[in-house]
Amino acid sequence: MVQPASIPQQVVSQPSFPDLQAEIDRISNAAPLFITKRDEELHAWLNDQRDSKTSGIILAPQRSGVSESCQYYRLQYVRYKGSVLLLPASIAYLRIPSDCTQYQLFVELLNALHRNLKMGRLSDLRKRSRATLKEYGVKLIIVDDAHYLKLKALRELVQIHELLKIPVILLGTKDLYEQLRSDWKQVHNSFLAFYQFPAMTYEQTGSVVDQWLTQFLQWQEESDLLYEDVLKQLHEKTSGLTGPLYDTLQKIAVRALKKGLFKLDEETTLEVLNQQLKANVGSDNG
């Protein structure tokens, strides 16, 4: 009796990484930022606010990339020697915790400026914060998640602008605008300058994907992500928002590695896209 020929097992080509898990960790933990025209336009607006000493607000959808863009902007104007912040430090960026009181505001401000005094009475923190702003040569304060501010904390920022002539930029979602119109009507007139940070266009999404592939991922095999039909689906599913885009790219790359692939192929990309919801460009929360 003729024995059936043995069926050869499919040989899966493994990526040439010395440590596959290390590559997965690198992809999953990294937070690259690639600048597009929308970032450059935002930074130009921030320059205008700084130079004119005018406070204002920036509205953007959740995870639009505006927070990262503002932090990138700050890093163009501050320098470090090791972990030491060098003076002058003309841009201060701070992210506000939920239900932020006056006390918490000054603690976050001092943290942002690497100042050690973070305890004491409210009056002490207020005095130290104002003195530090002057000493450090701060020209602009960007307050992220500003919709979490309590009204009294917001009034402290208004006073900083009025007394020290340092403009304050409030950054948040549509909730922030609604608060200024209703709960914060007393300070509405201090934040009349307005900027809407948009989602990325299809072309900008393509530019970011291209940079992510070539400058960050740096795999040798050519990716399918830049094929027009694939990129179009990727852009539509992530709605031009940086956060969902990076999450999706990471997931596609990790899934490809687990398949033994060394490229981001169309099949794996569509698998991931078909298993996730479309990102929401509405601005109903932080």
Greater than 12 external heavy atoms within 6.0 Å of [X]'s [atom1]:
{"X": "E41", "atom1": "CD", "value": "yes"}
{"X": "L277", "atom1": "CG", "value": "no"}
{"X": "Y177", "atom1": "OH", "value": "no"}
{"X": "K150", "atom1": "NZ", "value": "no"}

TODO: Go through D175 and Q179 one step at a time and tell me if the side-chain hydrogen bond (donor to acceptor under 3.5 Å, both in side chains) criterion holds.
DONE: CA-CA 6 Å; D175 291 342; Q179 283 174 280; over 6 Å; no
Shortest non-hydrogen contact between [X] and [Y], atoms and distance:
{"X": "A193", "Y": "T54", "value": "CB-CG2, 4.2 Å"}
{"X": "L226", "Y": "G206", "value": "CD2-O, 3.9 Å"}
{"X": "S55", "Y": "I169", "value": "C-CD1, 4.3 Å"}
{"X": "G65", "Y": "R38", "value": "CA-NH2, 4.3 Å"}
{"X": "L94", "Y": "E108", "value": "CD1-CB, 4.0 Å"}
{"X": "L241", "Y": "M200", "value": "C-CE, 4.3 Å"}

Residues [X] and [Y] bridged, charged N to O under 4.0 Å:
{"X": "R130", "Y": "E135", "value": "no"}
{"X": "D247", "Y": "R63", "value": "yes"}
{"X": "E156", "Y": "R126", "value": "yes"}
{"X": "R255", "Y": "E271", "value": "yes"}
{"X": "K232", "Y": "D229", "value": "no"}

Inter-residue atom distance [X].[atom1] - [Y].[atom2], 0.5 Å rounding:
{"X": "I141", "Y": "S90", "atom1": "CD1", "atom2": "OG", "answer": "11.5 Å"}
{"X": "F191", "Y": "I57", "atom1": "CZ", "atom2": "CD1", "answer": "9.0 Å"}
{"X": "L154", "Y": "Q102", "atom1": "CG", "atom2": "CD", "answer": "11.0 Å"}
{"X": "L110", "Y": "S129", "atom1": "CG", "atom2": "OG", "answer": "3.5 Å"}
{"X": "L125", "Y": "L105", "atom1": "CG", "atom2": "CG", "answer": "10.0 Å"}
{"X": "Q104", "Y": "L149", "atom1": "CD", "atom2": "CG", "answer": "10.0 Å"}

Open item on the list: Determine whether E23 and W219 satisfy the following criterion, side-chain hydrogen bond (donor to acceptor under 3.5 Å, both in side chains), listing intermediate values before the conclusion.
Closed with: CA-CA 11 Å; E23 179 65 3; W219 289 359; 3.0 Å; yes
Distance-only donor-acceptor check, side chains [X] and [Y], under 3.5 Å:
{"X": "S123", "Y": "R128", "value": "no"}
{"X": "E203", "Y": "S207", "value": "no"}
{"X": "Y73", "Y": "D39", "value": "no"}
{"X": "W212", "Y": "Q250", "value": "no"}
{"X": "T248", "Y": "Q276", "value": "yes"}
{"X": "H114", "Y": "Y80", "value": "yes"}

Less than 4.5 Å apart, side chain to side chain, heavy atoms only: is that true for [X] and [Y]?
{"X": "D210", "Y": "L225", "value": "no"}
{"X": "E228", "Y": "L231", "value": "no"}
{"X": "L245", "Y": "L234", "value": "yes"}
{"X": "K263", "Y": "E222", "value": "no"}
{"X": "R115", "Y": "Y136", "value": "yes"}
{"X": "V254", "Y": "S28", "value": "yes"}
{"X": "C70", "Y": "L42", "value": "yes"}
{"X": "Q71", "Y": "L75", "value": "no"}

- [ ] Scan residues 181-192 for pairs that pass side-chain hydrogen bond (donor to acceptor under 3.5 Å, both in side chains), counting only residues two or more places apart or in two chains.
- [x]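 Residue pairs with at least one partner in residues 181-192: there are none.
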Task: side-chain contact (heavy atoms from CB on, under 4.5 Å) between Y93 and V143, intermediate numbers included - done: CA-CA 6 Å; Y93 169 92; V143 182; over 6 Å; no
Is there a path of hydrophobic side-chain contacts, each under 4.5 Å between heavy atoms, that joins [X] and [Y]?
{"X": "I96", "Y": "I142", "answer": "no"}
{"X": "L157", "Y": "L192", "answer": "no"}
{"X": "F194", "Y": "L46", "answer": "no"}
{"X": "L164", "Y": "L109", "answer": "yes"}

Task: Over-ring placement of R26 relative to F216, 6.0 Å and 45° cut-offs - done: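 Relative to the ring axis of F216, which defines the angle, R26 lies inside both limits.
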Keeping [X] on the side-chain end and [Y] on the backbone end, is there a donor-acceptor pair under 3.5 Å?
{"X": "D19", "Y": "A22", "value": "yes"}
{"X": "E178", "Y": "K174", "value": "no"}
{"X": "D124", "Y": "G120", "value": "no"}
{"X": "D224", "Y": "E266", "value": "yes"}
{"X": "T173", "Y": "A60", "value": "no"}
{"X": "K237", "Y": "L273", "value": "yes"}

Open item on the list: Could you walk me through whether L213 and L249 satisfy the side-chain contact (heavy atoms from CB on, under 4.5 Å) test, starting with their C-alpha distance in whole Å, then the side-chain angles of each, then the deciding distance to 0.1 Å, before giving a yes or no?
Closed with: CA-CA 9 Å; L213 291 170; L249 292 174; 5.9 Å; no
- [ ] Quick one: list whatever passes salt bridge (charged side-chain N to carboxylate O under 4.0 Å, His left out) with R155, sequence neighbours left out.
- [x]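 Residues passing salt bridge (charged side-chain N to carboxylate O under 4.0 Å, His left out) with R155: none at all.
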Open item on the list: Could you go through F34 and Y246, starting from their C-alpha distance and side-chain angles, then the distance that decides it, and tell me whether this counts as side-chain contact (heavy atoms from CB on, under 4.5 Å)?
Closed with: CA-CA 11 Å; F34 301 109; Y246 284 157; 3.4 Å; yes
Task: Option passing side-chain contact (heavy atoms from CB on, under 4.5 Å) with L140 (candidates V168, N47, I166, I91) - done: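 With L140 as partner, V168, N47, I166, I91 yield a single side-chain contact (heavy atoms from CB on, under 4.5 Å), made by I91.
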TODO: Take S64 and T242 through the side-chain contact (heavy atoms from CB on, under 4.5 Å) test and state the conclusion after the steps.
DONE: CA-CA 5 Å; S64 63; T242 303; over 6 Å; no
TODO: Please find out if less than 6.0 Å separates the ring center of Y77 from that of H43.
DONE: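 No, too far apart.
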Task: Worked check of side-chain hydrogen bond (donor to acceptor under 3.5 Å, both in side chains) between K259 and T268 - done: CA-CA 9 Å; K259 286 183 175 182; T268 304; 2.9 Å; yes
